[in-house]
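These numbers were taken from a predicted model, which means no experiment stands behind them. Note on naming: letters A, B, ... go to the chains in the order of the sequence lines (proteins, then strands), and numbering restarts at 1 for each one.
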Amino acid sequence: MLEKTFQPAEIEPRIANEWNKAEAFQAGSAKAPGRGAAGRGAAGRGAAGRGAAGRGAAAASGNGEPFCVVIPPPNVTGSLHLGHALNNTLQDVYVRFERMRGKDVLWQPGTDHAGIATQMVVERQLAAAKLPGRREMGRDAFVEKVWAWKAESGGTIVNQLKRLGCSCDWSRERFTMDPGLSAAVVKVFVELHGRGLIYKDKRLVNWDPKFQTAISDLEVVAEEKRGSIVWADGDAEKPFDVEALRKALARDPSGHMYHFRYPLSADPSRFVVVATTRPETMLGDSAVAVHPTDERYTGLVGQTVQLPLVGRDIPIVADEYSDPEKGTGAVKITPAHDFNDFEVGKRHGLAQINILDAQGKLNGEVPEAYRGLDRFEARVRVVADLHALGLLAKIEPTTHTVPHGDRSGVVIEPWLTDQWYCNAGELAKEAIRAVEDGRTEFVPKNWEKTYFEWMHNIQPWCISRQLWWGHQIPAWYGPDGQVFVAAAEADATAAATAHYGKPTPLTRDPDVLDTWFSAALWPFSTLGWPDETPELARYYPTALLVTGRDIIFFWVARMMMMGLAFRGEVPFKKVAIHGLVLDEKGQKMSKSKGNVEDPLGLMDEYGADALRFTMAALSTQGRDIRFSKQRVEGYRNFATKLWNAARFAEMNECVRAKDFDPAGVQDPLNRWIAGETERAAREVTDALEAHRTNHAAIAVYEFIWGTFCDWYLELVKSHLMGDDEAVKNETRATVAWTLDQCLKLLHPFMPFITEELWAHMVEYGVARDDLLCRSTWPVFEGLADAKIDAEVGFVVALVSEVRSVRQEMNISAGTKVPLVFVAAEASVRDRATRHEETISRLARLEGITFAKTAPKEAAVLVVGETTAAIPLKGLIDFDAEKKRLEKEIASAEADIAKMDAKLDNPNFMARAKPEAIEESQARKAELLGQVKRLSAAAKRLG
RNA sequence: GGGCGCUUAGCUCAGUGGUAGAGCACUACCUUGACAUGGUAGGGGUCAUAGGUUCGAACCCUAUAGCGCCCACCA
């Protein structure tokens, strides 16, 4: 017996365990479905239709078409957040759906080593435990610590994904730093280097002074800043105060424009005024640039200025980069600390003076007084010292964007270093073509534009990181700096020996690769590459990638490039893009804002099923979703509803019948629900095929709650409680069958409760030989019948109408009323008689009678062509009934007016589709009939 | 500066050419033999604005306003 109360938190872990024991999700092990009652019920006569036969046959042979999804690997030491919940729910919906459709499904799981993020966590732990930092303990010891942390916490996220119900093939779990995947990384690096697509270069990079590593453009986030300091030279009201400046800048280090006077070398009493938002960089200036056509400065080009504080003479150069409209038209050039200035410097052969060290402190290139200062302290000092020299013209607030590290949060410095780059522009060419020609398709399609936009403007990808946790770059250096790139040290050594003509000691490049480098190989490295494994042959290209819009550049684009470069085929045929999970107010969730909802807490409170359903139902076509706990609660209620429906079935001994054929049932109500089931199954299937999980989820919801529970189960209560054993037995079997279809259709969204209810029914019917998750997806044909729909539709409409009248007339719920059909045609009499018991029960009638004319003193209701009346006799008051009738008449007349507007329009008659015209005419006729009858009823009331 | 998206019921959102929808919230009634985590009924919208296309526009086009996101730039 099912428990009276539905307790997801108890059921779900147990079910997860059963799946695990049964190894239910292992790829390539598709069992032959269709044995036993359940499979045959679904297959029945229905499975033949809609092209499902082929798939069905494949499934039956256990040899379905491959369907592979690779998981976006979460950080190995991470913990589940709502973004994961959304992403993995959607994947699991598709995966379970396709598995039930008989495909050979591989959902490939695994985790990412997440270079910076993980190293950061471990460093923080060391600091918290007051242990020596990584530099003190050395590389090997530190990396060992990280592995230890991975061993300790690495299972967390995987267990959380299992808790969510993810049906990955967990036997195939991979990690980006597994030996095989690491070998793939090395091979790709070496080959791309060999092809000249990976190279080393000295240029400006985005340097993160906190982590002391280079980062890629994508890892830099621009933050808008506006300062508040207003000061001008000679401003008597606001004397310059160094202490005040220091305090203000401590709060607000960015957002100010500073104007400096640079004295001309030839005549120090004359100045060129330059403006900057980063005063400290002036210590590394090597020129001042003006526009060649700027008449204000034509005489000065070729002269030099004395760089204040430093004393260097630097040239005034003419360069188109300078914009006469901006600032003073003269711009200071700091080639080693600004991306634009770097280019100007190259054009004019200017010195690249690097004034910062790795931590963002000033180095030996600056005058002694500034050495060792932090960049922001140096900013204060430079401004103050220039003021002391009378060379500070003004400070004003300005709005500008300041680059920050997305992980560290600190201000990024353009810094001159040697780094490894990948020529993404070259690799992008084929990746662009593959989307243009549809080899890979984005869903929704508009994200392709975003992809193209970025790919067409792609910059060299800086792939080296000055970290210790990650794939160390397979490059070795000789004593003279000669580089040897090789798959193994022995190969590098051999190459060096050949190069130098004698054995030569080498040092390995200490840097590691960007985490996204190994992630880019994920769709084939997880399948065994560089080995040509059977999995690789079978599952690559993968069928579908499901991922958030925020990592299209980071990951999707790079997988496209690498997949094409190394497999010659796209990594996935479709990319389903979803949005981000925001809080109820539409803000990003973040720990600092305190608006983070913990999915684990939600699962404990409402069940993983409810959380999953919420995610699937809210996810609409790549748009961000606002998360609401209320929604989860609502879908928990839905699960409870289903639970109780199953209890009802159980109480009424609705057991599955062997060889039940939904096409063979006789009773109209049973035939009707079979047709409704076919319709629902088709709707859900179509929606899932179109990657509209929200539609699919809502269609299941409406079918189960609105159609199955609210109508069908209520309608057949008379059968189940009646004496006609044949009808009763057929109904029991139909209830059981329909419930099975509900469980199947809901399974991808709510796998736990459906699996539980499925298994539970075993003791009442034919024993199951398989889990629901491996059963067949419902596909039916020919169960719907227009005549049956009309008949049951009439019952439904009649009951609704009587209920409505009762409520509006304030007839108490307990009062049973008579219902009189007026001048009913034979077909109506027939229907009303056949369903009298059911109608009476649901509409709370004392009985149904027939009359030629409407009784006096009666409320009248109109259902389609039928008129019926509830005699008043002290039940209702005339005024209320009159008002009600008038309201209905008015409503009908408004609709008639709309129809007339169309039908009287010659253009409509001439140009509209014939069906549209017919429909409008029919509708008008029906409305006219209603008005007539309602008016007659109103008249009788006086 | 470039690109993308959004604006529909109190709230969150579906709806892409033919009678405006859902969930939640709200109101009234209901311990009806699965379910009060429930049932029944009901109120509530000139579909941002202005033009245009069309027999017909929430839907297609143009413009405007507001909001959001992404990319680039920032002396």
J.: Does anything in residues 602-619 of chain A pair up under side chain to side chain donor-acceptor pair (under 3.5 Å), and if so which pairs, sequence neighbours excluded?
T.: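 Listed by first then second residue: A/Asp92-A/Arg612.
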
J.: Please determine whether any donor N or O and acceptor N or O are separated by less than 3.5 Å between the side chain of A/Arg803 and the base of B/U40.
T.: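 By the distance-only test, no, there is no pair.
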
J.: Classify A/Tyr321 by what it touches in the nucleic acid, base, sugar-phosphate, or nothing, heavy-atom distance under 4.0 Å.
T.: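 Result for A/Tyr321 = base.
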
J.: Between A/Lys902 (NZ) and B/A57 (P), how many Å, whole number?
T.: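 In whole Å, B/A57 P lies 11 Å from A/Lys902 NZ.
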
J.: Using the side-chain contact (heavy atoms from CB on, under 4.5 Å) criterion, which residues pair with A/Ser920? Sequence neighbours excluded.
T.: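 Partners of A/Ser920 by the side-chain contact (heavy atoms from CB on, under 4.5 Å) criterion, ordered by chain and then number, come out as A/Met899, A/Lys902, A/Leu903, A/Phe908.
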
J.: Enumerate all atom pairs, one protein N or O and one N or O from nucleotides 21-25 of chain B, separated by less than 3.5 Å.
T.:
from	atom 1	to	atom 2	distance (Å)
B/C24	O2'	A/Gln630	OE1	2.8
B/C24	O2'	A/Gln630	NE2	3.3

J.: Does the base of B/C35 carry an N or O that pairs as donor and acceptor with the side chain of A/Lys641 under 3.5 Å?
T.: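 Yes, a donor-acceptor pair under 3.5 Å.
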
J.: Taking only side-chain nitrogens and oxygens of A/Lys898, does any of them come within less than 4.0 Å of OP1 or OP2 of B/A20?
T.: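 Checking B/A20 against A/Lys898, a side-chain N or O does come within under 4.0 Å of OP1 or OP2.
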
J.: Is it the case that the base of B/U37 and the side chain of A/Arg636 share a donor-acceptor contact (distance under 3.5 Å, atom types as modelled)?
T.: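 For A/Arg636, whose side chain was compared with the base of B/U37, there is a donor-acceptor pair (under 3.5 Å).
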
J.: For RNA chain B, what dot-bracket results from Watson-Crick or G-U pairs at under 3.5 Å, with [ ] for crossers and | for inter-strand partners?
T.: ((((((((.[[[[.)..(..]]]].(((((.......))))).....[[[[[..)....]]]]])))))))....

J.: With a cut-off of less than 4.0 Å, is there a side-chain N or O of A/Ser804 near OP1 or OP2 of B/G42?
T.: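 It does, given that an N or O in the side chain of A/Ser804 lies less than 4.0 Å from OP1 or OP2 of B/G42.
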
J.: Would you mind reading off the distance between A/Lys717 atom NZ and B/A34 atom C1', rounded to a whole angstrom?
T.: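 For the pair A/Lys717 NZ and B/A34 C1', the rounded distance is 7 Å.
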
J.: Does B/C35 have OP1 or OP2 under 4.0 Å away from a side-chain N or O of A/Thr640?
T.: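 Checking B/C35 against A/Thr640, no side-chain N or O comes under 4.0 Å of OP1 or OP2.
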
J.: Who are the side-chain contact (heavy atoms from CB on, under 4.5 Å) partners of A/Ala646, not counting sequence neighbours?
T.: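 For A/Ala646, the residues satisfying side-chain contact (heavy atoms from CB on, under 4.5 Å) (neighbours in sequence not counted) are A/Leu2, A/Leu739, A/Leu757.
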
J.: Enumerate the protein-to-nucleotides 5-9 of chain B contacts in which both atoms are nitrogen or oxygen and the separation is below 3.5 Å.
T.:
none

J.: Which residues pass the salt bridge (Lys or Arg N to Asp or Glu O under 4.0 Å) test with A/Arg296, not counting sequence neighbours?
T.: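 Testing A/Arg296 for salt bridge (Lys or Arg N to Asp or Glu O under 4.0 Å), a comparison that skips the adjacent residues, returns A/Asp294.
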
J.: Hey, would you say the A/Trp447 and A/Phe442 ring centroids sit under 6.0 Å apart?
T.: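 No - the distance between ring centres of A/Trp447 and A/Phe442 does not fall below the 6.0 Å cut-off.
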
J.: Figure out the NE2/C1' separation between A/His400 and B/A72, and round it to whole Å.
T.: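 Those two atoms, NE2 and C1', are 17 Å apart.
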
J.: By side-chain contact (heavy atoms from CB on, under 4.5 Å), which residues pair with A/Glu320, not counting sequence neighbours?
T.: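 Testing A/Glu320 for side-chain contact (heavy atoms from CB on, under 4.5 Å), a comparison that skips the adjacent residues, returns A/His291, A/Pro292.
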
J.: Could you pull out all residues at least two apart from A/His578 that satisfy side-chain hydrogen bond (donor to acceptor under 3.5 Å, both in side chains)?
T.: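 side-chain hydrogen bond (donor to acceptor under 3.5 Å, both in side chains) check on A/His578 returns A/Asn87.
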
J.: Determine the minimum heavy-atom distance between A/Gly847 and A/Ser840, stating which atoms define it.
T.: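 So the two residues come closest at CA-OG, 4.4 Å.
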
J.: Going by salt bridge (Lys or Arg N to Asp or Glu O under 4.0 Å), name the residues that satisfy it together with A/Arg692, two or more places apart in sequence or in a different chain.
T.: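 Salt bridge (Lys or Arg N to Asp or Glu O under 4.0 Å) list for A/Arg692, sorted by chain: empty.
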
J.: B/A34 base to A/Glu714 side chain: any donor-acceptor pair below 3.5 Å?
T.: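 Answer yes: a donor N or O sits under 3.5 Å from an acceptor.
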
J.: State which residues pass side-chain contact (heavy atoms from CB on, under 4.5 Å) with A/Glu846; sequence neighbours excluded, sorted by chain then number.
T.: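 With sequence neighbours excluded, A/Glu846 shows a side-chain contact (heavy atoms from CB on, under 4.5 Å) to A/Lys816, A/Pro818, given in chain and number order.
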
J.: Using a 3.5 Å cut-off and no angle test, enumerate the donor-acceptor pairs between side-chain atoms of residues 279-290 of chain A and protein atoms at least two apart in sequence or in another chain.
T.:
from	atom 1	to	atom 2	distance (Å)
A/Glu280	OE1	A/Arg379	NE	2.8
A/Glu280	OE1	A/Arg379	NH2	3.4
A/Glu280	OE2	A/Arg379	NH2	2.9
A/Thr281	OG1	A/Arg278	O	2.7
A/Thr281	OG1	A/Lys332	NZ	2.7
A/Asp285	OD1	A/Lys332	NZ	3.0
A/Asp285	OD1	A/Thr334	OG1	2.6
A/Asp285	OD2	A/Tyr262	OH	2.6
A/Ser286	OG	A/Ala351	O	2.9

J.: What is the distance, to the nearest angstrom, from the CZ atom on A/Arg806 to the C1' atom on B/G39?
T.: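 The distance from CZ of A/Arg806 to C1' of B/G39 comes to 14 Å, rounded to the nearest Å.
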
